**Student:** 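Questions regarding the structure given below will be posed in turn.
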Amino acid sequence: KNRATPVEKEKKKKTLVFRGFNLWNLEYFLSTIPMDRAELTTEQVLKRDIPWETYMTTKLISGTGLQLLRRYDNRAENVRAQLLDDDGPAYVKVFVSILRDIFKEETVEYVLALIDEMLTANPKRARLFHDKSLANEDTYEPFLS
């Protein structure tokens with residue numbers, strides 16, 4: 001009989017597949033992240049300069065998305081709050097499309113930090129993800145995959 005070693009038994013216990021990614025691989029992946037990267041604050045992430053124009057040139061974001069990002073990016077909290085009050089669903093749509101279409105780690109972290117900041121400042125903004133204008137968008141899909 002072919003007997004499994006203790007390590008193989010442990011690996012088999014941890015190999016639960018979740019959305020095509022098994023937990024054994026996830027555990028290994030997380031152990032390879034340098035601690036200094038894992039300890040970045042939202043403030044540090046938001047100090048990055050993201051090349052939005054390059055993303056528009058490569059058609060990863062639309063011209064309208066670029067305009068919205070230019071209005072929102074690097075603005076004071078009160079300016080961002082007003083923009084979200086005026087056109088919040090449009091910003092949610094841009095953020096979600098970036099998370100769906102762009103895979104550069106620094107950009108994904110940046111947009112997640114923007115969303116975190118948006119919701120931390122006012123948790124009721126979570127309603128923006130349920131706006132009827134986003135009925136044809138799967139606003140949760142990027143957070144689940």
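All values derive from a computational prediction rather than experimental measurement.
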**Student:** The criterion is side chain to side chain donor-acceptor pair (under 3.5 Å); which residues satisfy it with Thr107, sequence neighbours excluded?
**Tutor:**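 Side chain to side chain donor-acceptor pair (under 3.5 Å) list for Thr107, sorted by chain: Tyr55.
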
**Student:** Does Lys104 reach the side chain of Tyr110, with side-chain heavy atoms less than 4.5 Å apart?
**Tutor:**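 Counting from C-beta outward, Lys104 and Tyr110 never come under 4.5 Å.
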
**Student:** What I'd like to find out is whether the side chain of Leu69 reaches to under 4.5 Å of the side chain of Ile98, using heavy atoms alone.
**Tutor:**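 Sidechains of Ile98 and Leu69: in contact.
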
**Student:** Begin with the C-alpha distance, continue with both residues' side-chain angles, and end with the deciding distance and a verdict on side chain to side chain contact (heavy atoms under 4.5 Å, CB included) for Tyr72 and Leu114.
**Tutor:** CA-CA 10 Å; Tyr72 192 87; Leu114 288 176; 4.0 Å; yes

**Student:** For Leu84 and Asn122, run side chain to side chain contact (heavy atoms under 4.5 Å, CB included): C-alpha distance rounded to whole Å, both residues' side-chain angles, the deciding distance at 0.1 Å, then the answer.
**Tutor:** CA-CA 11 Å; Leu84 291 169; Asn122 184 350; over 6 Å; no

**Student:** Determine whether a donor-acceptor pair (N or O, by modelled atom type, separation under 3.5 Å) exists between the side chain of Arg125 and the backbone of Leu119.
**Tutor:**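 The answer is no, because no donor-acceptor pair under 3.5 Å joins these two groups.
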
**Student:** Rounded to the nearest 0.5 Å, how far apart are OG1 of Thr120 and CD of Glu117?
**Tutor:**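 These two atoms lie 8.0 Å from each other.
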
**Student:** Between Leu134 and Pro89, which heavy-atom pair has the shortest distance, and what is it?
**Tutor:**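 The pair with the smallest heavy-atom distance is CD2-O, 3.8 Å.
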
**Student:** Rounded to the nearest 0.5 Å, how far does CD of Glu106 lie from CG of Asp49?
**Tutor:**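 Here the rounded value is 12.0 Å.
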
**Student:** Is atom CG of Asp138 surrounded by more than 12 heavy atoms (other residues, nucleotides or ligands) closer than 6.0 Å?
**Tutor:**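 Enclosed: over 12 neighbouring heavy atoms sit under 6.0 Å from CG of Asp138.
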
**Student:** Any side-chain heavy atom of Asp85 within less than 4.5 Å of one from Arg80?
**Tutor:**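 Side chain of Asp85 against side chain of Arg80, heavy atoms only: no contact under 4.5 Å found.
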
**Student:** Starting at CZ of Phe129, measure out to CZ of Phe95 and round the result to the nearest 0.5 Å.
**Tutor:**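 Going from CZ on Phe129 over to CZ on Phe95, the span is 8.5 Å.
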
**Student:** Determine, step by step, whether Arg70 and Glu53 satisfy the side chain to side chain contact (heavy atoms under 4.5 Å, CB included) criterion, reporting the C-alpha distance in whole Å, the side-chain angles of both residues, the deciding distance to 0.1 Å, and the verdict.
**Tutor:** CA-CA 10 Å; Arg70 282 182 178 159; Glu53 290 77 11; 3.0 Å; yes

**Student:** With rounding to the nearest 0.5 angstrom, report the CD to CD1 distance, Glu109 to Ile50.
**Tutor:**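 Output value for this atom pair is 9.0 Å.
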
**Student:** Determine, using the 4.5 Å side-chain heavy-atom cutoff (strictly less than), whether Phe103 and Val96 are members of one ILVMFWY cluster.
**Tutor:**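 No; tracing contacts between hydrophobic side chains, which count when under 4.5 Å, never links both residues.
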
**Student:** Hey, what do you get for CG (Leu60) to CZ (Arg100), rounding to the nearest 0.5 Å?
**Tutor:**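 Answer for the CG-CZ pair, Leu60 versus Arg100, is 13.0 Å.
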
**Student:** Work out which heavy atom in Val45 is nearest to a heavy atom in Ala113; give both atom names and the distance.
**Tutor:**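 So the minimum-distance heavy-atom pair works out to CG1-CB, 3.9 Å.
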
**Student:** With the side chain counted from C-beta on, respond yes when Ile61 and Ile102 share a heavy-atom pair under 4.5 Å apart, and no when they do not.
**Tutor:**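 Yes, at least one pair of side-chain atoms sits under 4.5 Å.
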
**Student:** Between Asp131 and Val92, is any pair of side-chain heavy atoms under 4.5 Å apart?
**Tutor:**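 Sidechains of Val92 and Asp131: no contact.
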
**Student:** Kindly give the heavy-atom pair with the smallest separation between Met56 and Gly63, and that separation in Å.
**Tutor:**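 Residues Met56 and Gly63, closest heavy atoms: SD-CA, 3.7 Å.
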
**Student:** Rounded to the nearest 0.5 Å, how far does OG1 of Thr139 lie from CG of Leu99?
**Tutor:**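 Here the interatomic distance stands at 11.0 Å.
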
